[in-house]
Amino acid sequence: MHQETLALHFGYDKQSFGAMSVPVYQTTAYDFGSAETAANRFALKELGPIYTRLNNPTTDVLESRIAAVENGGAAIATASGQAAIFYAVANLAEVGDNIIVAKKVYGGSTSLLTHTLKRFGIEARVFESDEADDLEALVDEKTKAIFFESLSNPQIAIPNIEKIVAVAQKYNIISICDNTVATPILFQPFAHGIDVSVHSASKYINGQGSAIGGLVVEAKGLNAKLIGNPRYPQFNEPDESYHGLVYADLPFPIFSLRIRLSLIRDIGATISPYNAWLLIQGLETLSLRVKEHSRNAYKIAKFLASHPKVKKVSYPGLESDALHIRAKQYFKEAQTSGLLSFEVEDFEFAKHILNSTKLFSVVVNIGDSKSIITHPASTTHQQLSHEELELAGVKEGLIRLSIGLENADDLIEDLSKALG
Ligand SMILES: *Cc1c(COP(=O)(O)O)cnc(C)c1O
């Protein structure tokens with residue numbers, strides 16, 4: 001079946017009342033009915049709800065549906081995108097290990113992976129993801145994951161995914177791709193040999209800026225890469241915290257199962273059933289929205305590229321963009337979402353544009369149905385000096401747009417007036 005159909009129907013059986021909308025199971029716990037059922041659920045002899053920190057019927061629908069839409073083997077929903085990234089990495093690496101992280105990733109990922117995880121004894125080695133020529137040299141026997149974004153936020157870069165996947169395969173290391181910006185509609189990570197995909201579902205999957213949530217999706221057949229792999233003893237040796245359970249012996253997708261049974265159980269950054277429901281609503285229309293966001297952004301990128309006061313536009317979907325070849329290679333119909341950036345003369349003019357637009361909200365978010373404008377130099381990168389901004393590739397006149405679903409002509413008129 002196709003993505004559009006799966007996004008509307010997969011994983012939900014209408015049950016007794018025939019409710020068309022997936023019910024919200026706003027409950028903490030579940031009546032097992034008998035001591036035997038309770039014991040069987042805990043012993044994994046029978047899968048079923050135990051306690052909402054671990055699983056919930058509404059969240060189950062979201063999890064199986066995203067796995068189907070992305071053509072993965074199983075998924076786990078989490079409290080936020082940050083929690084999803086943490087779980088995916090913590091499922092693989094522990095004290096004394098290292099992970100290799102792309103240079104161009106979300107700021108929150110950089111701080112989590114390079115600073116916070118360091119305090120837990122996990123070292124992050126950063127590679128130049130545009131070409132990934134330096135990646136292989138960073139690998140050693142303690143390397144447990146390679147992390148990158150299919151379309152990076154906020155840099156709007158597309159890495160050399162082929163090369164990253166080739167290195168991960170050569171050394172039997174799990175590759176993790178943050179697919180938040182591209183979404184499974186534009187980029188299918190598992191078709192490119194990636195092992196695990198993570199999402200901030202707070203962005204395009206939700207689509208209306210109304211809930212925080214995250215997702216971890218594993219590739220079909222990932223068990224084969226984990227079972228017997230000396231890099232990952234945690235899947236092959238008895239887990240003391242689960243009375244000697246050996247994940248490799250179980251007939252389930254064990255990457256996700258271990259996140260649920262050990263990390264979500266203990267750390268507890270679980271999504272609420274209501275937020276899971278909001279993300280199901282978003283998933284239903286994701287395909288239509290992402291295509292429309294891309295169409296709108298393309299028109300706006302074209303307008304900006306021809307404007308005399310705009311020095312540079314970054315939008316890989318645009319034929320003239322340096323990354324257009326990669327967009328064509330990896331992305332559906334070379335569409336690259338609603339994210340674009342452009343550069344004007346200086347700091348003051350950039351601020352003037354932010355203050356003059358009427359339809360764009362000054363917000364640090366992306367993927368909302370409403371258009372958003374941000375000026376990194378005066379917000380997210382405010383603490384950096386002029387030289388540091390240059391190094392980070394953030395020009396003082398750089399403006400980032402998350403193009404929404406308004407009529408593109410209205411957005412163009414608004415930007416045109418602001419540019420003067
Ligand atoms: C927003 C974002 C995150 C973090 O997700 P939250 O849901 O805000 O925790 C991670 N990666 C990317 C690419 C993002 O845009």
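When a ligand or atom number is given, it counts from 1 through the structure's own listing order. A quick note: this is a predicted structure, and the numbers were derived from the prediction, not measured. Residue numbers count from 1 along this sequence.
A salt bridge does not link E123 to K142: none of the charged nitrogens lies less than 4.0 Å from a carboxylate oxygen. A salt bridge does not link K103 with D130: none of the charged nitrogens is closer than 4.0 Å to a carboxylate oxygen. Comment: R260 engages E63 in a salt bridge, judged by a side-chain N to carboxylate O separation of less than 4.0 angstrom.
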Under 3.5 Å, N/O to N/O: give me all the pairs between ligand 1 and the protein, one per line with atom names and distance.
{"from": "ligand 1", "atom 1": "5 (O)", "to": "S200", "atom 2": "OG", "distance (Å)": "3.0"}
{"from": "ligand 1", "atom 1": "7 (O)", "to": "G81", "atom 2": "N", "distance (Å)": "2.9"}
{"from": "ligand 1", "atom 1": "7 (O)", "to": "S200", "atom 2": "OG", "distance (Å)": "2.8"}
{"from": "ligand 1", "atom 1": "7 (O)", "to": "S202", "atom 2": "OG", "distance (Å)": "2.6"}
{"from": "ligand 1", "atom 1": "9 (O)", "to": "G81", "atom 2": "N", "distance (Å)": "3.1"}
{"from": "ligand 1", "atom 1": "9 (O)", "to": "Q82", "atom 2": "N", "distance (Å)": "2.9"}
{"from": "ligand 1", "atom 1": "11 (N)", "to": "D178", "atom 2": "OD2", "distance (Å)": "2.7"}
{"from": "ligand 1", "atom 1": "15 (O)", "to": "N153", "atom 2": "ND2", "distance (Å)": "2.9"}
{"from": "ligand 1", "atom 1": "15 (O)", "to": "K203", "atom 2": "NZ", "distance (Å)": "2.7"}

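The stretch residues 72-86 participates, sequence neighbours left out, in no side-chain hydrogen bond (donor to acceptor under 3.5 Å, both in side chains) pair at all.
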In residues 365-373, what donor-acceptor pairs under 3.5 Å come from side-chain atoms, sequence neighbours left out?
{"from": "D368", "atom 1": "OD1", "to": "K370", "atom 2": "N", "distance (Å)": "3.0"}
{"from": "D368", "atom 1": "OD1", "to": "K370", "atom 2": "NZ", "distance (Å)": "3.3"}
{"from": "S371", "atom 1": "OG", "to": "G404", "atom 2": "N", "distance (Å)": "2.7"}
{"from": "S371", "atom 1": "OG", "to": "E406", "atom 2": "OE1", "distance (Å)": "2.8"}

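With sequence neighbours excluded, the residues satisfying ring-ring contact (aromatic ring centres under 6.0 Å, His included) with F187 are H192, F331.
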